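Proteins get letters first, then strands, A, B, ... in listed order; numbering begins at 1 in each. All values derive from a computational prediction rather than experimental measurement.
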Number of protein chains: 2
Amino acid sequence: MTLTDLRYLVALARERHFGHAAERCNVSQPTLSVAIKKLEDELAVTLFERSAADVKITDIGARIVAQAEKVLLEAGQIKELATAGRDPLSGPLKLGVIYTIGPYLLPHLIPRVHAAAPSMPLLIQENYTARLAESLKRGDLDVIVVALPFEEPGIVTQAVYDEPFRVLMPAGHAWEDDATIPAARLAEAPLLLLGAGNCFRDQVLEVCPLCRGGEGLQRTLEGSSLETIRHMVATGAGITVLPSSAADPLPGGNSLLTVRPFEAPEPFRRIALAWRVTYPRSGAIDVIRAAILGSPLQGVRPVSR
Amino acid sequence: MTLTDLRYLVALARERHFGHAAERCNVSQPTLSVAIKKLEDELAVTLFERSAADVKITDIGARIVAQAEKVLLEAGQIKELATAGRDPLSGPLKLGVIYTIGPYLLPHLIPRVHAAAPSMPLLIQENYTARLAESLKRGDLDVIVVALPFEEPGIVTQAVYDEPFRVLMPAGHAWEDDATIPAARLAEAPLLLLGAGNCFRDQVLEVCPLCRGGEGLQRTLEGSSLETIRHMVATGAGITVLPSSAADPLPGGNSLLTVRPFEAPEPFRRIALAWRVTYPRSGAIDVIRAAILGSPLQGVRPVSR
DNA sequence: AGTTAGCAATAGTGATTAACTATACATCTT
DNA sequence: AAGATGTATAGTTAATCACTATTGCTAACT
């Protein structure tokens, strides 16, 4: 029993004539005749009474035809589902973002994605890189936004933008008069850091190897966020390093804080998109990338593909 | 897209492993692999993300698998319907009976058929032979009970029983003293007859050619029934001829009436079943025949096949 | 880093199935 | 009895399906 057989069946039930039914199915009369007979043999049931005068459907035949129509209808739905699902910009996209990007990127990203792909709602999760990577591999996420380096088997990455680091200090701080800050000087001040697990913490410590020992002036704020640290800096608890998108003053910014760039070579982080090699909706990824690049993130430099 | 493809699809969705899914479907891994790829090409949609680690279903894939399961379920119903419909004794049987048999046969027939084939309800229609024949050919009836001769293209008949004719007269009638009545004598009395269209009317007139002219003593009762005629005979309106099943006194019969057989050769009618040559439920017909022969019809003689 | 193991995809082949044309057969009609 | 109509069968070809053997890929292991 195949779907083709069922199509022949309902055609014959409608036409009550083998020749006409065959024509409607674009096959020859013997083809349809044999197919119906095969179906009857398989089901061990007489579906039609054939006579010279006409073709009559049996009671059981009528019931089976009705069921066959249901089958064909449901099968047609599969094609419709496929057609609807063919558009990579339709259907929800599960997006993961690291903590140190989310608050600054998402407010811009979400409306832009919605504008570009209105039928692709975003399901967003913020987390540490490691957790995002796991979810991505499991299939719980489709695309993630992380900082490089990021290497995982089965995962491909695409750099999107570079983002310089900045030094954040309370207004009136001693370094305020310097246009740029040498990285080494970070060891001289109480440096507020995110907790372990945040990749940005490690990247900051890489900028300032002297801070690494754990015996310096720096202070780790477990379970905290860049925003919390910024507020602590404003209250004079210390200084910190932020990515430019989080540090650079917006119009009408915070007058309690002073931001200074690093001395060249300016340290920076490279932000990338990552997804499973096998992920089929590359069009959706393109939209995400475009929306990120279209977002007004302070100080970032796009990375050409 | 075939039902087999869909079976492979849902198997793979369940197993998430080509090899295991193939095994469950009793096919080789390449077979299943190719079938899935063919489906994906046909639908122009990626249903699964394949990687060395595992097989992940896409969102659209999951929706299509759910739909495929629905299709397979409905398709399975076809087999169930066929299994249920395979029994010729299941499902209603549309039975037609001529007016001059119905009242005497059906009260016996219906319970017997119900006992022999409880899941075969009878849909009964009483009518003239000509109307029954038309309904039978149209398919509105499945089997009819008629008197022979009955010849129709595409229709087969099977004699069931012979039924002698009787003379019915009011009690105390002049012929009451005769054990048998010669057919010719019918022309001498006021003979009550059914209206045109009833085959029994014609059969009676054949028995008594002298009555035929239309100028004799006989009286036609259009739109009437044998029961009406019997009552009229009881009131002395005339005599009549009845088939034995309608004439012969039942225990506790009518003392106002006298029944006499004809003189040999006894006239009789042959009752038969008729159905379309193409009608597939011959088992149902056998049940009807057996139920008729099992019915206590007065004076009838079974016709061996 | 090279190797191995696991798994899906591909190639190539054989068997089955589905389609065709031509024709036979059955039935009713003229 | 012959013709017309309509379905079934025969015989053939093409397409499809399923198999085995093998390749190619990825990731895990030594």
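- A close approach under 4.0 Å does not occur between any side-chain nitrogen or oxygen of A:S28 and OP1 or OP2 of C:dA19.
- Electrostatic pairing of A:D5 and A:R7 does not count as a salt bridge here, judged by no charged N lying under 4.0 Å from a carboxylate O.
- One atom, CG of B:L47, and another, P of C:dA9, lie 12 Å apart when rounded to the nearest Å.
- The local environment of CD in A:E126 is crowded, with over 12 non-hydrogen atoms from other residues, nucleotides or ligands closer than 6.0 Å.
- Taking atom NZ of A:K137 as the reference point, atom C1' of D:dT26 lies 13 Å away to the nearest angstrom.
- Regarding A:R7, its CZ atom lies at a distance of 10 Å from the P atom of C:dA19, rounded to whole Å.
- In this structure, the CD atom of B:E42 is 11 Å from the P atom of D:dT16, given to the nearest Å.
- Atom C1' of nucleotide D:dT16 and atom CE of B:M1 are separated by 17 Å, given to the nearest angstrom.
- A close approach under 4.0 Å does not occur between any side-chain nitrogen or oxygen of B:K38 and OP1 or OP2 of D:dT16.
- Checking side-chain atoms of B:N198 against main-chain N and O of B:F200 turns up no donor-acceptor pair under 3.5 Å.
- As rounded to whole Å, 16 Å separates atom P of D:dT26 from atom CZ of A:R276.
- The pair B:E69-B:R14 meets the salt-bridge criterion, with a side-chain N (NZ, NE, NH1 or NH2) lying under 4.0 Å from an Asp/Glu carboxylate O.
- Within 4.0 Å (heavy atoms only), A:F48 reaches no atom of the nucleic acid at all.
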*Take nucleotides 3-14 of chain D nucleotide by nucleotide from the 5' end and write B, S or -, depending on whether a protein heavy atom sits under 4.0 Å from the base, only from the sugar-phosphate, or from neither.*
---SBBB-----
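- Between B:L32 atom CG and C:dC7 atom C1' there is a gap of 13 Å when expressed in whole angstrom units.
- Atoms CD (B:E49) and P (D:dT26) sit 14 Å apart, rounded to a whole Å.
- Ionic pairing of A:E74 and A:K70 is not present here: no N-O contact between side-chain nitrogen and carboxylate oxygen is shorter than 4.0 angstrom.
- Map A:D5 and B:G154 each onto its nearest nucleotide of DNA chain C; the residue landing nearer the 5' end is A:D5.
- One N or O on the side chain of A:R201 and one on the backbone of A:L194 form a donor-acceptor pair closer than 3.5 Å.
- The side chain to side chain contact (heavy atoms under 4.5 Å, CB included) test with A:T58 singles out one residue from A:E40, A:R63, A:E49, and that residue is A:E49.
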